[in-house]
Undergrad: 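Here it is, the structure in full.
Below, read A as the first sequence line, B as the second, and so on, with proteins coming before strands; counting in each chain starts at 1.
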Protein chains: 2
Amino acid sequence: MEQLHNISSEQELVIHKARKRVIESIGKNMDLYGISQSIGHLYGLLFFQNKPMTLDAMGEAMEMSKTSMSTGVRTLVDLKMVNKVWEKGSRKDLYEVELDWFQTFADYFSLKWRKALEINLSSLRKSRLELSQLGQQFPDDTELHAVLQTDIAKIDEAIRYYRWLDRLIDSFENGDIYNLVPKELPDEK
Amino acid sequence: MEQLHNISSEQELVIHKARKRVIESIGKNMDLYGISQSIGHLYGLLFFQNKPMTLDAMGEAMEMSKTSMSTGVRTLVDLKMVNKVWEKGSRKDLYEVELDWFQTFADYFSLKWRKALEINLSSLRKSRLELSQLGQQFPDDTELHAVLQTDIAKIDEAIRYYRWLDRLIDSFENGDIYNLVPKELPDEK
DNA sequence: TATAACGTACAGTTTTTTCTGTACAAACGG
DNA sequence: CCGTTTGTACAGAAAAAACTGTACGTTATA
């Protein structure tokens with residue numbers, strides 16, 4: 001954890017304990033973001049770092065190998081939870097957390113949801129087409145049409161859901177969600 | 001996969017292929033829901049099943065052990081993605097998917113987000129209190145206050161985010177989200 | 001109450017993921 | 001242009017997760 005200068009060790013103890021609680025809490029709940037506990041812990045560590053951190057410093061603080069820090073921090077950068085920053089004079093790569101958690105949240109779920117949406121929607125549409133073509137090929141086959149109807153109905157409902165999800169994701173991406181659910185509650189009397 | 005009666009094998013092949021594509025697509029993207037690929041696959045299987053399914057039938061279709069089906073289906077039930085249904089005359093447990101994907105989506109993320117929110121918010125508040133008390137204990141220590149200020153500012157911003165997330169989850173739970181982002185787009189001219 | 005069928009706890013195995021140390025390529029400084 | 005430093009690819013070790021078969025408790029039915 002970050003070195004605190006000019007702070008008595010008694011005070012430092014309280015601060016470290018307070019930080020540690022939050023760091024570990026964050027680390028544990030990072031599975032939400034599809035991240036292992038130790039990478040979540042790394043994120044928490046960076047959160048309380050008041051200046052950009054090097055891989056070596058991370059490794060020391062986490063008591064883990066530099067290799068793990070390298071891969072871990074890359075995961076976090078890919079998810080836009082951590083940013084690589086440049087500092088002249090330093091040859092080392094430096095990283096710091098993205099402090100805007102609204103953005104982090106929206107970025108992550110936009111990314112993941114849209115990826116799943118696109119793949120699934122594409123499969124659903126392709127299969128729907130095949131099934132409806134099969135139906136047209138045998139217009140008089142009642143048994144067949146009964147089966148097709150239930151399958152197509154399910155697919156249509158799934159597509160309807162994904163169309164909605166698409167709009168929800170849009171609102172995350174363009175920030176409309178903050179008009180719908182405001183960041184700040186208007187002052188209540 | 002479900003047995004299709006009175007359907008020619010040629011037709012059955014097309015249907016199975018169409019279903020299989022969707023099932024596998026769903027299975028692959030279920031990691032979003034923190035679910036392993038095979039449990040995701042099980043979910044996909046149940047999706048196209050037109051009647052409730054027993055553990056034995058699942059095991060046969062998935063070519064997996066009954067034990068795995070038991071634990072897998074329990075995971076899905078816990079997530080409210082699958083419902084246990086009763087059928088008189090049958091001693092076996094029967095399961096079917098929850099077809100309302102809007103509900104499944106809202107239930108899942110409400111559950112996960114709220115759990116993380118509660119734990120993290122609690123840690124943040126506890127640590128914030130400790131830090132602010134430490135500040136009050138040493139009112140004249142400028143160095144200390146500088147450190148505390150940055151930490152508390154970060155914590156406050158995190159709390160602000162969680163308060164927003166709390167309201168977003170509320171909208172998922174009470175259905176307001178569908179007023180904000182409607183299920184159906186009003187007809188466009 | 002006895003019997004049989006069912007679901008799951010549990011222990012062991014296999015598979016996957018995470019983590020580490022070594023080695024090397026790229027970038028920089030002298 | 002050579003020696004250092006830095007980040008990461010890669011292979012192997014350690015840890016975790018997924019999966020299976022057996023055994024057993026529970027429940028429904030005879």
Side-chain angles (χ1 to χ4, degrees), chain A residues 23-24 26-46 49 51-79 81-96 112, chain B residues 23-24 26-46 49 51-79 81-96 112:
Chain A
I23 290 172
E24 287 179 358
I26 290 174
K28 269 183 201 137
N29 289 109
M30 273 298 199
D31 59 316
L32 249 182
Y33 290 92
I35 278 173
S36 72
Q37 186 154 332
S38 64
I39 298 185
H41 200 280
L42 174 62
Y43 177 85
L45 175 74
L46 287 167
Q49 215 64 21
K51 55 185 189 308
M53 204 173 190
T54 67
L55 291 178
D56 288 305
M58 294 176 209
E60 198 174 342
M62 297 278 296
E63 296 181 25
M64 283 176 72
S65 72
K66 198 176 174 181
T67 304
S68 294
M69 296 302 99
S70 177
T71 58
V73 94
R74 178 161 41 170
T75 304
L76 292 170
V77 168
D78 287 347
L79 295 175
M81 291 178 177
V82 163
N83 300 312
K84 194 172 186 167
V85 294
W86 289 102
E87 211 168 79
K88 63 177 179 184
S90 173
R91 282 168 58 186
K92 301 191 181 189
D93 292 356
L94 293 162
Y95 299 91
E96 67 184 4
K112 292 289 175 179
Chain B
I23 290 173
E24 287 179 359
I26 290 174
K28 268 182 201 139
N29 290 109
M30 274 298 201
D31 58 316
L32 250 182
Y33 291 92
I35 278 174
S36 73
Q37 186 155 331
S38 64
I39 298 184
H41 200 278
L42 174 62
Y43 177 85
L45 176 74
L46 286 168
Q49 215 63 22
K51 54 184 190 307
M53 205 172 187
T54 67
L55 292 178
D56 288 306
M58 293 176 209
E60 197 174 343
M62 297 279 295
E63 295 182 24
M64 284 175 69
S65 72
K66 197 175 174 180
T67 304
S68 295
M69 296 302 99
S70 176
T71 57
V73 94
R74 177 160 44 169
T75 304
L76 292 170
V77 168
D78 287 347
L79 295 175
M81 291 177 177
V82 163
N83 300 310
K84 194 171 186 169
V85 294
W86 289 101
E87 211 169 77
K88 64 178 177 184
S90 173
R91 283 166 60 183
K92 303 191 181 189
D93 292 356
L94 293 162
Y95 299 91
E96 66 184 3
K112 293 288 174 175

Undergrad: Tell me the interatomic distance from A/Asp93, atom CG, to C/dA27, atom C1', rounded to whole angstroms.
TA: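 My rounded result for the distance is 11 Å.
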Undergrad: Take atom CE of B/Met58 and atom P of C/dC6, then tell me their distance rounded to the nearest Å.
TA: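 After rounding, the gap between these two atoms is 14 Å.
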Undergrad: For B/Ser65 and B/Ser68, which I'm curious about, is there any donor-acceptor pair between the side chains at under 3.5 Å?
TA: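 Side chains of B/Ser65 and B/Ser68: pair found under 3.5 Å.
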Undergrad: Could you tell me the separation between the CZ atom of A/Arg91 and the P atom of C/dC28, rounded to a whole number of Å?
TA: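 To the nearest whole Å, that distance equals 8 Å.
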Undergrad: Any side-chain heavy-atom pair from A/Glu96 and A/Leu46 closer than 4.5 angstrom?
TA: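 No, too far: nothing below the 4.5 Å cut-off.
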Undergrad: On a heavy-atom basis, which atom in A/Leu42 and which in A/Gly72 lie closest, and how many Å separate them?
TA: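 Scanning both residues, the minimum pair turns out to be CD2-C, 4.2 Å.
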Undergrad: What does the B/S/- profile of nucleotides 10-23 of chain C look like, 5' to 3', with a 4.0 Å heavy-atom cutoff to protein?
TA: B-------SSBBB-
Undergrad: What is the distance from CD of A/Glu87 to P of C/dC28, rounded to the nearest Å?
TA: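 My rounded result for the distance is 16 Å.
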Undergrad: Distance check needed: C/dA9 P versus B/Leu55 CG, whole Å only.
TA: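 So the two atoms are 12 Å apart, to the nearest Å.
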Undergrad: Hey, is the main chain of B/Thr71 close enough, under 3.5 Å, to the side chain of B/Thr75 for a donor-acceptor pair?
TA: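 Pair found, side chain donor or acceptor close to backbone of B/Thr71.
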Undergrad: Looking only at heavy atoms, which two atoms of A/Tyr43 and A/Met30 are closest? And how far apart?
TA: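 The answer is CD2-CE, 3.1 Å.
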Undergrad: What closest approach, in Å, do B/Val85 and B/Tyr95 show between heavy atoms, and which atom pair accounts for it?
TA: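 What the structure gives for the nearest pair is CG2-N, 4.3 Å.
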Undergrad: Would you grab the first and last nucleotide of DNA chain D (5' to 3') that comes under 4.0 Å of any non-hydrogen atom in chain A?
TA: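 The contacted stretch runs from D/dT4 to D/dC10.
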